[in-house]
*Asks:* 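So that we are looking at the same thing, I have put the structure below in structure tokens.
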Amino acid sequence: MPYDTDPRLLRAFTAVADALHFTRAAAGLHVAQQALSRDIRRLERELGATLFVRTTRQVALTPDGQRLLPYARRVLSAQDELAAAFRPAPERPLLVDVRAPVGTADRVLAAARERVADSVELVARFHSGLAGAAPEVADGRLDVSFGRLAALLAGVRDWLSHQPVRLERMAVLLPEEHPLAARSAVPLARLAGETLYAGAGNPRTAEWTELAARLFEGRGIAMAAPFPEIEGSQEFVRVVRKRGWSVLASEEFIEVPGMVLRPLVEPVPLSPVSMVWRRGLRHPGLDALRAVVREGGARHGWLTPPGDAWWLPEADARVMGISG
């Protein structure tokens, strides 16, 4: 047996030995039948032995072919083990919290999935605000999340890297019968005397509640009383409809039957969205997410404030790299 026999020839041999049919063996190897026959003849020349008896009706192993078969299988098995030992380990799934199946984070995730190889998995979680997700990112239970970075405690932020994503315009979700529902946009001053739900009572979305409190201050807008954490869009819809709340939201929001979403204006309040991940994290899925964010900012002006009057706390403006 020559020491430098090409394993490809042994694969051709074992394929024919298993199928006892050249056409079916060639199809299984995804090669032309002529190429397969050529490889078998070459192997026979190298070994100085006839491996198959061919007739018009059947193919059978010769005694030399039967003798070679177990050795060929062991050689090919060893080659497969060698290849596996040096094959890069598959990337673990990247766990990404996008909060809800709508909006900026969900859009970024969908675009990133189109950029990565099939072997790279980006798993969505629709669960938390950044206040709840950030500690999980810091200790490795979650990989990536989105939200308002400026509201996080410094001790948590020290463990995170971040990238500004978008300045989302804020809106109000109103019952269809509300007097303001007929307007195409709602000036903030028209909300004076109104009570809006903004997640009070849910510690996992505390950064949103705190942003709402800043927006409502001095404008006569009241915060709805604290309510236990609402998990899932279906339960959110049920509770909001039952309690008849108006809701502070972003312009891209889940659909709630019986309610309408209206943008807020005069000024346009902005909700800053950053992407955060654990310092030192490396993953092709993260690379894809960051590339989508960069391109979104450049192509769609995600980080450009609207031309008309707008509102954003100074600390958030610094984090997002803009000036008032």
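In what follows, residues are counted from 1 in the order of the sequence shown.
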*Asks:* Flag yes if Leu248 and Leu174 sit in one hydrophobic cluster, no otherwise; membership is Ile, Leu, Val, Met, Phe, Trp, Tyr, and two members link when side-chain heavy atoms are under 4.5 Å apart.
*Replies:*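 Both belong to a single hydrophobic cluster.
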*Asks:* Hey, are Arg238 and Glu235 close enough for a salt bridge, meaning a charged N less than 4.0 Å from a carboxylate O?
*Replies:*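 A salt bridge links Arg238 with Glu235.
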*Asks:* State whether the side chain of Ser145 and the backbone N or O of Ala133 hold a donor-acceptor pair below 3.5 Å, judged by distance alone.
*Replies:*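 Answer holds: no.
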*Asks:* Got Arg169 and Val265 here, is their nearest side-chain heavy-atom distance under 4.5 Å?
*Replies:* no
*Asks:* So how far is it from Leu10 CG to Leu69 CG, rounded to the nearest 0.5 Å?
*Replies:*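 Reported value, rounded in 0.5 Å steps: 10.5 Å.
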*Asks:* Would you check if the side chain of His178 reaches a backbone N or O of Leu173 as a donor-acceptor pair within less than 3.5 Å?
*Replies:*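 Such a contact is absent between His178 side chain and Leu173 backbone.
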*Asks:* Can you name the residues that form a side chain to side chain contact (heavy atoms under 4.5 Å, CB included) with Pro257, not counting sequence neighbours?
*Replies:* Val237, Arg241
*Asks:* Do Arg243 and Tyr197 come close enough that some side-chain heavy atom pair is under 4.5 Å?
*Replies:*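 The answer is no; the side chains never approach within 4.5 Å.
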*Asks:* Using salt bridge (charged side-chain N to carboxylate O under 4.0 Å, His left out) as the criterion, list what pairs up with Arg107, not counting sequence neighbours.
*Replies:* Glu252
*Asks:* Taking the six-membered ring of Phe216, is the NZ or CZ of Arg219 close enough (under 6.0 Å from the centre) and on axis enough (within 45°)?
*Replies:* no
*Asks:* Answer yes or no: does atom OH of Tyr71 have more than 12 heavy-atom neighbours from other residues, nucleotides or ligands under 6.0 Å?
*Replies:* no
*Asks:* What heavy-atom pair brings Trp159 and Ala138 nearest, and what distance separates the two atoms?
*Replies:*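 Smallest heavy-atom distance, with atoms named: CB-CB, 3.7 Å.
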*Asks:* Please lay out, stage by stage, how Val240 and Met259 fare under the test side chain to side chain contact (heavy atoms under 4.5 Å, CB included).
*Replies:* CA-CA 10 Å; Val240 166; Met259 303 189 75; 3.4 Å; yes
*Asks:* Taking a hydrophobic cluster as the set of Ile, Leu, Val, Met, Phe, Trp and Tyr residues connected by side-chain heavy atoms closer than 4.5 Å, whether directly or through intermediates, do Leu196 and Trp311 fall within one such cluster?
*Replies:*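 As far as the 4.5 Å side-chain criterion goes, Trp311 and Leu196 are connected within one cluster.
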*Asks:* Hydrophobic clusters here meaning ILVMFWY residues chained together by side-chain heavy-atom distances under 4.5 Å, can you tell me if Val137 and Val156 are in one?
*Replies:* yes
*Asks:* In terms of ring plane angle, is the pair Phe52 and Phe13 parallel, tilted or perpendicular, where the classes change at 30° and 60°?
*Replies:*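 If you compare the ring of Phe52 with that of Phe13, the planes turn out tilted.
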*Asks:* Measure the shortest side-chain to side-chain distance between Pro272 and Leu149 over non-hydrogen atoms and say whether it is less than 4.5 angstrom.
*Replies:*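 When only atoms from C-beta onward are counted, Leu149 and Pro272 do not touch, as no gap falls below 4.5 Å.
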*Asks:* Determine, stepwise, if the pair Arg294 / Gln163 fulfils side chain to side chain contact (heavy atoms under 4.5 Å, CB included).
*Replies:* CA-CA 9 Å; Arg294 285 194 300 271; Gln163 183 172 344; 3.4 Å; yes
*Asks:* I'd like to know if Asp64 and Arg67 make a salt bridge, using a cut-off of under 4.0 Å between side-chain N and carboxylate O.
*Replies:* yes
*Asks:* In terms of hydrophobic clustering (I, L, V, M, F, W, Y; side-chain heavy atoms under 4.5 Å; direct or indirect links), are Val102 and Leu122 co-clustered?
*Replies:* no
*Asks:* Check whether any side-chain heavy atom of Leu82 sits under 4.5 Å from a side-chain heavy atom of Gln79, and report yes or no.
*Replies:* no
*Asks:* Using distance alone, with no hydrogens and no angle criterion, decide if Ser246 and Glu194 have a side-chain donor and acceptor under 3.5 Å apart.
*Replies:* no
*Asks:* Under the side chain to side chain contact (heavy atoms under 4.5 Å, CB included) criterion, do Leu215 and Leu188 qualify, and how do the steps go?
*Replies:* CA-CA 9 Å; Leu215 179 64; Leu188 274 171; 3.9 Å; yes
*Asks:* What heavy-atom pair brings Ala72 and Thr14 nearest, and what distance separates the two atoms?
*Replies:*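 The answer is CB-CG2, 3.9 Å.
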*Asks:* Any salt bridge between Arg141 and Asp97, counting N to O under 4.0 Å?
*Replies:* no
*Asks:* Near Arg190 CZ, under 6.0 Å, is it more than 12 heavy atoms from other residues, nucleotides or ligands?
*Replies:*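 Not buried by this count: 12 neighbours or fewer within 6.0 Å.
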*Asks:* Is there a side-chain contact between Leu191 and Leu264 in this structure, where contact means two heavy atoms from C-beta onward sitting under 4.5 Å apart?
*Replies:* yes
*Asks:* Could you measure the distance from the CZ atom of Arg113 to the CG atom of Leu289? Nearest 0.5 Å is fine.
*Replies:* 9.5 Å
*Asks:* Once you round to the nearest 0.5 Å, how far does CD of Glu168 lie from OG of Ser250?
*Replies:* 4.0 Å
*Asks:* If you round to the nearest 0.5 Å, how far is CZ of Arg11 from CG of Leu43?
*Replies:*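 Answer rounded to 0.5 Å: 13.5 Å.
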*Asks:* Could you tell me whether the side chain of Pro7 reaches within less than 4.5 Å of the side chain of Leu76, counting heavy atoms only?
*Replies:* yes
*Asks:* Are any of the side-chain heavy atoms of Asn202 and Trp208 separated by less than 4.5 Å?
*Replies:* no
*Asks:* Answer yes or no: does atom CZ of Arg74 have more than 12 heavy-atom neighbours from other residues, nucleotides or ligands under 6.0 Å?
*Replies:* yes
*Asks:* Tell me if a side-chain donor or acceptor on His300 pairs with a main-chain N or O of Trp302 at a distance below 3.5 Å.
*Replies:* no
*Asks:* Could you please spell out the steps behind the side chain to side chain contact (heavy atoms under 4.5 Å, CB included) verdict for Leu152 and Leu160?
*Replies:* CA-CA 10 Å; Leu152 296 182; Leu160 305 175; 4.0 Å; yes
*Asks:* Quick check: closest heavy atoms across Leu36 and Ala25, and the distance to 0.1 Å?
*Replies:* CD2-CB, 3.8 Å
*Asks:* Taking Arg262 for its side chain and Arg183 for its backbone only, find out whether a donor-acceptor pair lies under 3.5 Å.
*Replies:* yes
*Asks:* Between Glu314 and Arg214, is the closest basic N to carboxylate O distance under 4.0 Å?
*Replies:* no
*Asks:* Nearest heavy-atom pair of Ile322 and Pro305: which atoms, and what distance?
*Replies:* CD1-CG, 3.9 Å
*Asks:* Quick check: do Arg54 and Phe22 have side-chain heavy atoms less than 4.5 Å from each other?
*Replies:*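 In short, these two side chains touch, coming nearer than 4.5 Å.
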*Asks:* Determine the minimum heavy-atom distance between Ser274 and His162, stating which atoms define it.
*Replies:* OG-ND1, 4.5 Å
*Asks:* Please answer whether the main-chain N or O of Leu51 pairs with a side-chain N or O of Glu44 as donor and acceptor at a distance below 3.5 Å.
*Replies:*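 Looks like yes, one N/O pair under 3.5 Å.
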*Asks:* Would you give the length of the straight line joining atom CZ of Arg42 to atom CG of Leu9, rounded to the nearest 0.5 angstrom?
*Replies:* 4.5 Å
*Asks:* Distance check, rounded to the nearest 0.5 Å: Glu121 atom CD versus Arg92 atom CZ?
*Replies:*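 Between Glu121 CD and Arg92 CZ, I get 12.5 Å after rounding to 0.5 Å.
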*Asks:* Going by side chain to side chain contact (heavy atoms under 4.5 Å, CB included), Asp143 matches just one of Leu286, Val96, Leu281. Which one?
*Replies:*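 Of all the options given, the one that passes is Leu281.
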*Asks:* Okay, side chain of Ser37, backbone of Gln33: is any donor-acceptor separation there less than 3.5 Å?
*Replies:* yes
*Asks:* Which of these, Val165, Leu109, Leu167, sits in a side chain to side chain contact (heavy atoms under 4.5 Å, CB included) with Thr104?
*Replies:* Val165
*Asks:* For Arg148 and Glu207, which heavy atoms make the closest approach, and how far apart are they?
*Replies:*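 Answer, listing the atom of Arg148 first, then Glu207: NH1-O, 2.8 Å.
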*Asks:* Out of curiosity, does Leu270 fall in the hydrophobic cluster containing Met170 (side-chain heavy atoms, cut-off under 4.5 Å, transitive links)?
*Replies:*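 Unlinked, Met170 and Leu270 end up in two clusters.
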*Asks:* Any chance CD of Gln66 has more than 12 other-residue heavy atoms, nucleotides or ligands included, within less than 6.0 Å?
*Replies:* yes
